[in-house]
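So that the names make sense, note that chain A is the first sequence line, chain B the second, and so on, each numbered from 1. Predicted model, so just to flag it, every value in this text is computed and none were measured.
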Amino acid sequence: MPRYMLSVYGPAERPEFGGYPDKEAMLQAFADTGAFNEKLEREGYFVFADGLEAATTATTVDGQGETPVLTDGPYVETKEYLGGFWVIDAPDLDVALTLAAEGSKACRGKVEVRPFQTEESFKDMLGP
Amino acid sequence: MTEAPYDEALARAHHDEWGRVVAGLARRFGDLDVAEEAAAEAFATAAERWPVDGVPPNPGGWLTTTATRRAIDRLRRESKRDVKHQAAHMLLDDSPPEPTGPVEDDRLRLMFTCCHPALAMEARTALTLRLLGGLTVAEIAHAFLVPETTLAQRITRAKAKIKAAHIPYAVPSAGDVRERLAGVLAVLYLVFNEGYLASGGTHAVRIDLSDEAIRLCRLLRTLVPDDGEVTGLLALMLLTDARRAARVSRSGELVTLEEQDRGVWDRRLIEEGHALVRERLSAVAAGGPAPGRYQLLAAINAVHTAAPAARDTDWSQVVALYDRLVALDPSPIVRLNRAVALAELDGPHVALAEVDRLAEALDGYHALHVTRADLLRRLGRSAAARASYDRAIELAANPAERTYLERRRDQLTGE
């Protein structure tokens with residue numbers, strides 16, 4: 001079954017209450033997201049899900065040279081960074097999109113749906 | 001007339017069978033590239049064989065069989081191992097298509113795949129015209145005024161996304177079908193309008209685009225006969241297309257509805273369009289769902305085409321229909337069209353006040369300035385009318401329309 005990553009992006013530095021209007025709203029979003037996760041597990045779509053600390057806590061490592069080079073901060077410089085994600089198995093994109101819409105409503109954020117590479121797509125990349 | 005019969009048969013088969021062959025292969029092999037290339041090979045083989053062997057009694061069946069064999073050959077060539085097994089299985093697979101939704105037709109599934117909301121609008125139109133209409137990449141690129149390489153890339157990317165993201169070859173479930181059908185209709189209407197009022201350039205392929213949109217909409221109607229909006233869009237396109245011959249003058253100038261020679265309107269298309277509108281009216285009267293956008297637009301066009309002369313138009317009926325359309329879609333463009341009808345019913349003063357309320361929202365839209373110019377002209381405000389014509393000409397992309405607007409502007413008497 002195809003596997004998809006559902007990603008939620010947020011600002012580099014989190015405002016108070018993680019960008020939610022107040023504490024109650026934040027707790028409600030957490031509760032709704034928790035309920036959505038349980039639904040994913042119950043219905044057999046769930047692979048993994050979690051939230052990430054702010055992008056400012058990231059360290060980028062380049063180990064390609066003689067000694068690893070460490071840089072403070074994320075690899076890509078953008079306004080919005082990956083804040084959390086789900087990994088789900090779904091029969092096709094339509095199912096993944098329907099679930100993403102529910103996840104988006106639960107966590108109060110836009111959700112990017114992206115398929116994982118498969119053995120087949122890897123073979124296509126290598127060519128005949 | 002001088003064409004050899006096999007050429008005609010091949011052209012007809014391409015017109016009638018291309019979409020069916022591609023759609024059948026797409027379902028069976030689950031791969032658009034395989035489907036498209038095998039279909040193209042089958043037509044190439046037909047071009048070689050038919051002049052020698054004669055046209056087969058069932059050209060569609062012959063093409064499907066040949067294309068299926070080509071697809072299996074190709075899959076075998078591409079992989080000596082696992083796919084070989086799969087291909088051997090497919091060769092034996094004579095099972096009828098699995099039911100996947102309210103209607104079972106390979107072309108309908110392919111139409112929903114090509115018009116999937118996860119694809120960009122440009123990709124949806126290009127894929128629909130390529131895979132279902134059988135238009136070449138060059139023809140589509142020409143029609144939409146984009147370089148061939150750009151269009152080829154757009155199609156390749158869309159097909160790669162369909163494959164990698166597993167966009168299903170399926171008609172959406174009954175609950176989602178209406179919503180998704182709206183996207184399919186939007187693509188068809190876009191293709192039709194690009195053919196009917198081209199955004200620029202030459203004409204030849206664009207007329208084909210209107211025909212293609214009508215053909216695909218007819219197909220959609222045979223597949224989903226009870227959806228009012230499908231019927232509505234077909235009626236709308238037929239009633240619009242019926243006026244095609246009267247729309248551009250010999251000197252290449254756009255002729256407005258009011259000034260058109262109604263004698264050259266295509267009566268056959270009008271009759272068909274009126275019949276479809278009547279069909280919808282009785283369905284609604286019998287308690288069916290309220291008419292949507294395309295049904296209301298079709299009804300408006302039915303009122304126009306029912307009038308023997310422009311002055312006989314039932315404007316109160318037109319305005320009433322626009323009122324319902326505004327209730328459904330209060331966008332400034334719909335309100336602008338309503339204002340045009342309102343000018344005929346309540347006079348240019350009333351209409352101008354309404355148009356001026358839309359001026360800010362539609363400043364970059366040429367039709368606003370065309371309407372404004374016309375209302376100002378009728379009110380005798382020549383200088384203001386001239387300024388509006390200038391702005392409309394600046395924004396109009398269609399050459400026939402520009403010529404018309406320049407003449408109207410130059411007819412204004414000084415103020």
Side-chain angles (χ1 to χ4, degrees), chain A residues 1-9 36 39-49 76 78 80 82 84-128, chain B residues 26-27 29-34 37 73-87 98 100-101 109-120 123-124 127 156-181 183-184:
Chain A
M1 191 158 21
R3 181 163 286 186
Y4 298 88
M5 174 138 153
L6 314 185
S7 317
V8 185
Y9 288 81
F36 174 64
K39 174 204 154 101
L40 289 178
E41 288 199 54
R42 204 167 52 241
E43 295 181 3
Y45 299 114
F46 189 88
V47 179
F48 184 78
V76 184
T78 61
E80 304 267 322
L82 186 63
F85 59 91
W86 291 273
V87 177
I88 60 163
D89 285 333
D92 59 43
L93 186 69
D94 282 352
V95 176
L97 294 178
T98 307
L99 293 170
E102 281 180 48
S104 164
K105 186 171 258 175
C107 76
R108 280 82 161 152
K110 283 187 191 172
V111 176
E112 177 192 298
V113 179
R114 205 163 145 192
F116 275 83
Q117 228 172 36
T118 60
E119 198 188 345
E120 197 192 15
S121 60
F122 186 67
K123 273 190 199 152
D124 281 350
M125 220 160 59
L126 291 176
Chain B
R27 171 182 57 82
F29 297 96
D31 187 308
L32 290 177
D33 285 322
V34 169
E37 281 162 32
D73 286 348
R74 212 189 107 144
L75 288 169
R76 281 194 177 133
R77 269 200 311 278
E78 276 177 9
S79 170
K80 299 277 174 223
R81 293 164 293 121
D82 44 345
V83 181
K84 192 172 180 180
H85 177 75
Q86 201 189 340
E98 288 167 47
T100 52
R109 296 183 202 205
L110 189 57
M111 216 180 265
F112 276 103
T113 308
C114 290
C115 297
H116 197 280
L119 300 172
R124 290 186 221 170
L127 273 184
T156 307
R157 268 189 57 187
K159 285 201 278 190
K161 181 166 182 182
I162 290 171
K163 196 172 176 179
H166 298 269
I167 290 180
Y169 298 101
V171 176
S173 60
D176 295 335
V177 80
R178 269 189 71 83
E179 194 186 316
R180 286 278 306 280
L181 203 51
V184 175

For P115(A) versus A164(B), what's the shortest heavy-atom pair and its separation? CB-O, 3.3 Å
Just how far is it from atom NE2 of H116(B) to atom CG of D94(A), taken to the nearest 0.5 Å? 3.5 Å
More than 12 foreign heavy atoms under 6.0 Å from CZ of R178(B): is that the case here? no
Contacting region of A165(B) [heavy-atom separation from chain A under 4.5 Å]: both
